[in-house]
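Scroll down for the structure; my scribbles are underneath it.
Numbered from 1 within each chain, the chains take letters A, B, ... in sequence-line order. No experiment lies behind these values; they were computed from the predicted model shown.
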Amino acid sequence: MSSLPPQFFALDADTVARGLLGATLLFQGVGGVIVETESYDTADPASHSHKGRTSRNASMFGVVATAYVYRSYGIHWCLNLVCGTQPGGAVLIRALHPTHGLDVMATRRGLDTERLLCGGPGRLTQALGISIEHDGLPLDAEPFQLIAGAAPAIVVVGPRIGITKNAAALRRFGIAGSRWLSRGFGREVSTQSVPRYNEGH
DNA sequence: CCCGAGATTGACT
DNA sequence: GTCAATCTCGGGA
């Protein structure tokens, strides 16, 4: 069981978003395998960081390998991992394959069907108990734990969900065939494999 | 100051 | 398929 090296998060957001697929994300021991991500950076009009720093997105401009947690639609929390070659980059964690603490997640989620425990950015923060209190925390220390895992054989790529600016950019990444994705990917399939940070345990 | 848009979700027709 | 819930931000009055 190996942690993701800190320098991994200094790579560009697209590479990090791909490379996180297959890794295990735990929060206080609860979580699962990352199966879906999206990448953002300051050059991207869809990114919260595009128009500069505000009180909400401040942690996006902090050091890499920390969490950026923001409130979505006034109701939900969304978890990003800060990364990039320049300040202002992040990867949104959109879905997990739940493997640790399923009972805790089910309680927090209100006895949902298993597939909806962690499938969706708002759902997974609720299942793991992540909120604004955890904004800015480092990812290599409790309560977070990030463990490298087996690289997926095939990564699917497509447009990001729920955005209108720069909507055509192919910056959503998923493990092909996973039943834990928040939504399907249509036909845009990439056979590119991920970089080397996901060697098997 | 007011108001619309937004990296969402769940309830409902 | 439609729609409301309810924070944060930014643009216009």
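OP1 or OP2 of B:dT8 has at least one side-chain nitrogen or oxygen of A:R94 nearer than 4.0 Å. Distances shorter than 4.0 Å separate some side-chain N or O of A:H48 from OP1 or OP2 on B:dA7. Contact annotation: A:R183 side-chain N/O to B:dA7 OP1/OP2 distance is not under 4.0 Å. In terms of phosphate contacts, A:S47 brings no side-chain nitrogen or oxygen within less than 4.0 Å of OP1 or OP2 of B:dA7. Under 4.0 angstrom from either OP1 or OP2 of B:dG6 there lies no side-chain N or O belonging to A:S72. For B:dT8, the OP1/OP2 oxygens have no side-chain nitrogen or oxygen of A:R71 closer than 4.0 Å.
Atom C1' of nucleotide B:dT8 and atom CD1 of A:I93 are separated by 16 Å, given to the nearest angstrom. Computed from coordinates, the A:H76 NE2 to C:dT8 P distance equals 15 Å when rounded to whole Å. The CD1 atom of A:I132 sits 13 Å away from the P atom of C:dC7 (whole-angstrom rounding). Regarding A:K51, its NZ atom lies at a distance of 18 Å from the P atom of C:dT8, rounded to whole Å. With rounding to whole Å, A:D135 atom CG is found 12 Å from C:dT8 atom P. Straight-line distance from the OH atom of A:Y68 to the P atom of C:dT8: 11 Å, rounded to whole Å. The CZ-P distance, from A:R56 to B:dA7, rounds to 8 Å in whole Å. Here the C1' atom of nucleotide C:dT8 and the CE atom of A:M60 are 15 Å apart, to the nearest Å.
Scanning atom types as modelled, one donor and one acceptor separated by under 3.5 angstrom connect the side chain of A:Y70 and the base of B:dA7.
A:G88 and A:S49 get closest at one heavy-atom pair: O-OG, 2.7 Å. Here the closest non-hydrogen pair linking A:S59 and A:T66 is O-OG1, 4.4 Å. Across all their heavy atoms, A:L102 and A:E114 have their closest contact at CD1-OE2, 3.5 Å. In plain terms, the two heavy atoms of A:S39 and A:R160 that are nearest each other are O-NH1, 2.9 Å.
For the pair A:R123 (side chain) and A:G119 (backbone), a donor-acceptor distance under 3.5 Å is present.
A single hydrophobic cluster is seen to contain both A:F144 and A:V91, as judged by linkage of ILVMFWY side chains at heavy-atom distances under 4.5 Å, directly or through other members.
No aromatic stack links A:Y73 and the base of C:dA5, using centre distance under 5.5 Å and interplanar angle under 30°.
Nearest to the side-chain atoms of A:R109 among the listed nucleotides B:dG10, C:dG10, B:dT8 stands B:dG10.
Scanning for ring pair (Phe, Tyr, Trp, His ring centres under 6.0 Å) contacts around A:Y70 gives A:H48, A:Y68, with sequence neighbours left out.
Residue A:I75 is classed as a base contact, given a heavy-atom separation below 4.0 Å to a base. Residue contacts for A:L92: at a heavy-atom cut-off of 4.0 Å it reaches a base atom on one of the strands shown.
Neither side chain, A:R108 nor A:Q126, offers a donor N or O lying under 3.5 Å from an acceptor on the other.
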Pair pattern of DNA chain C in dot-bracket, where unpaired bases get dots and | marks partners in another strand, Watson-Crick or G-U under 3.5 angstrom: |||||.||||||.

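Taking atom C1' on both nucleotides, C:dG1 is separated from B:dA7 by 23 Å, rounded to a whole Å.
Mapped onto DNA chain B by nearest heavy atom, A:G119 and A:K165 fall at different nucleotides, with A:K165 at the one closer to the 5' end.
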